[in-house]
Student: 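The structure that follows is given in the form of structure tokens.
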2 protein chains.
Amino acid sequence: MNFSVSEENYIKCIYHLQQDTGMVNTNALAAEMQTKAASVTDMLKKLSSKKILQYEKYHGFKLTDNGRKVALSVVRKHRLWEYFLVEKLGFEWDKVHDIAEELEHISSNELIERLQQFLGNPSFDPHGDPIPDSNGKIPKLNQVNLATLQLNKTAVVSSVANQSPQMLEMLKHYSIRIGSSIKLLKRFEFDGSLEIKVGKQASCIISEPIAKNLFVHYE
Amino acid sequence: MNFSVSEENYIKCIYHLQQDTGMVNTNALAAEMQTKAASVTDMLKKLSSKKILQYEKYHGFKLTDNGRKVALSVVRKHRLWEYFLVEKLGFEWDKVHDIAEELEHISSNELIERLQQFLGNPSFDPHGDPIPDSNGKIPKLNQVNLATLQLNKTAVVSSVANQSPQMLEMLKHYSIRIGSSIKLLKRFEFDGSLEIKVGKQASCIISEPIAKNLFVHYE
DNA sequence: TTTTATTTTTAGATTTGTCTAAAATTTATT
DNA sequence: AATAAATTTTAGACAAATCTAAAAATAAAA
């Protein structure tokens, strides 16, 4: 079946919301889509009739197996394009989201298969998010929150939860990016802030909110 | 100013039509756009009010300077993406048109500038069509129609006028592509067909319609 | 130069995705 | 459990892009 750009955006958005909450509700989706609840309801009816959603009036909704498949295909395209933009065209990783939002709706399957090959079958996008394969399988990484890392252990930054411009600005300041190695030197009881060593730089201190936003994995 | 996908398609189509005829008329555009004359008229009014068209009711229309600029930007994007698809992703040159039709509407200017650089600033797309630069300047090539080539001269195929699947199938059969060198051995009076040598292959005979469809330039 | 044929435009309807305002339903509070 | 508050849905409207059918304008033919 074929979906409009608008339908694909709703499906993708529902997918991301239900990752957290299991079930999604109308207002949350409206907020995330920057639209009105009434518009959401209209779309829910349509997606429901296309068997993309399990939807009970007034009681929330979630994707069907088929809906999840469509969502994963859009997510896959988005992340492969982001990888292309950063690794091949030299964009900064915090500048690629909007462009990938457009590119993810290009329909050709052969295009995306060839793009994946051309990029060397990457498993994670420039933000550290996993790229689903053509069957919708998502690569897993044993990652832990930086705030819970053991003292004196070294690990590698694998993803960033909050990717707002504000957060990315901070990370740029600390020279922390996906792939940076981080050693935890000290944990301050007072406010939970951490003394860390990023790569070969002098040690520095990051606040607890920043730490909680970073996920790392052991080499 | 910003244009919808539909507007961009109309603008591009008018650009191509007026290359031949100077002035464009409603029915011709409707045929090319695979739509109805009434729909075309609606769009003409809109584009006219946006100063994209010089349009006199019942008397045809053509692009303004500004309209031509928009058209060239879309053509530029289309041809750069075609180049990418063939040279980087390994598509056959006759399989890329539909995908480029979608990609040409991605809006980011920075994207297209970086793409151009990444591709090594190509001047011609895989069909031999010139790629306008970011100012709308179109590279020129001194090309002549193969049917008018001098006897025993060798030249290089630089573009193909009719790019229908039927024509491309024929060219594939003769192993003729952009960049192929062709030597004209004999011109048959009877029907204008030509005996030619393609690269290092044994000589073969092509019909006049095929010859007229091919443009070549001297090295 | 009328008449006929073709082309183009208008008028009004349709589809998709959106909106506002009001009604219906569920959840929370007293 | 009754009432208030919040959420969700319906009803009806609107803009963009398309369509059909009919009217208007132009071009061609008798």
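Since this is a predicted model, take the numbers as computed values, not measurements. Numbers restart at 1 for each chain; the letters A, B, ... are given by sequence-line order, proteins then strands.
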Student: A:Met43 has an atom CE; how far is it from atom P of C:dT16, in whole Å?
Tutor: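 Atom-to-atom, A:Met43 to C:dT16, this comes out as 10 Å.
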Student: What is the separation between atom NE2 on B:His59 and atom C1' on C:dT9, rounded to the nearest whole Å?
Tutor: 12 Å
Student: Charged N to carboxylate O under 4.0 angstrom, B:Arg177 versus B:Glu92?
Tutor: no
Student: Could you check which residues of residues 10-37 of chain B get a heavy atom under 4.0 Å from DNA chain C? Sort them by number, please.
Tutor: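 Residues of residues 10-37 of chain B that come under 4.0 Å of DNA chain C are, in numerical order, B:Asn25, B:Thr26, B:Asn27, B:Ala37.
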Student: Does A:Lys57 make a side-chain N or O approach to OP1 or OP2 of C:dT26 shorter than 4.0 Å?
Tutor: no
Student: Can you say whether the rings of A:Phe118 and B:Phe118 are parallel (under 30°), tilted (30 to 60°) or perpendicular (over 60°)?
Tutor: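 Rings of A:Phe118 and B:Phe118: perpendicular, over 60°.
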Student: Taking only the side-chain nitrogens and oxygens of B:Ser4, find out if one of them lies under 4.0 Å from OP1 or OP2 of D:dA16.
Tutor: no
Student: Which nucleotide in the list D:dT26, C:dC19, C:dT10 gets nearest to the side chain of A:Ala38?
Tutor: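 Among the listed nucleotides, the one closest to the side chain of A:Ala38 is C:dC19.
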Student: Specify the residue among A:Glu7 and A:Tyr58 whose closest nucleotide of DNA chain C lies further upstream toward the 5′ end.
Tutor: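 Looking at DNA chain C, the more 5' nearest nucleotide goes with A:Glu7.
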Student: Would you mind reading off the distance between A:Asn2 atom CG and C:dT15 atom C1', rounded to a whole angstrom?
Tutor: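 Interatomic distance, CG of A:Asn2 to C1' of C:dT15: 16 Å.
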Student: For the pair A:Lys12 and A:Glu101, find out whether any cationic side-chain nitrogen is under 4.0 Å from an anionic carboxylate oxygen.
Tutor: yes
Student: When the distance from CG of A:Leu44 to P of C:dT16 is rounded to whole Å, what number comes out?
Tutor: 17 Å
Student: Less than 6.0 angstrom from the centroid, inside 45 degrees of the normal: does B:Arg68 satisfy that with respect to the ring of B:Tyr15?
Tutor: no
Student: Round to a whole Å and report the spacing from CD of A:Glu56 to C1' of D:dT7.
Tutor: 16 Å
Student: So does B:Asn162 get a backbone contact from the side chain of B:Asn213, meaning a donor-acceptor N/O pair under 3.5 Å?
Tutor: yes
Student: How many Å lie between CG on B:Asp42 and C1' on C:dT8, as a whole number?
Tutor: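 After rounding, the reported distance stands at 12 Å.
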Student: Remember a base hit wins even if backbone is also touched, and classify B:Ser39 as base, sugar-phosphate or nothing at under 4.0 Å, heavy atoms.
Tutor: base
Student: At 4.0 Å (heavy atoms only), tell me whether B:Thr41 reaches a base, stays on the sugar-phosphate, or touches nothing.
Tutor: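 B:Thr41: base contact, heavy atoms under 4.0 Å.
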Student: May I ask you to test the B:Met33-B:Asn9 pair for a side-chain heavy-atom distance under 4.5 Å?
Tutor: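 Yes, at least one pair of side-chain atoms sits under 4.5 Å.
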Student: For A:His97 and A:His78, take the angle between the two ring planes, folded into 0 to 90°, and tell me which bin it lands in: parallel under 30, tilted 30 to 60, perpendicular over 60.
Tutor: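 Rings of A:His97 and A:His78: tilted, as their planes differ by 30° to 60°.
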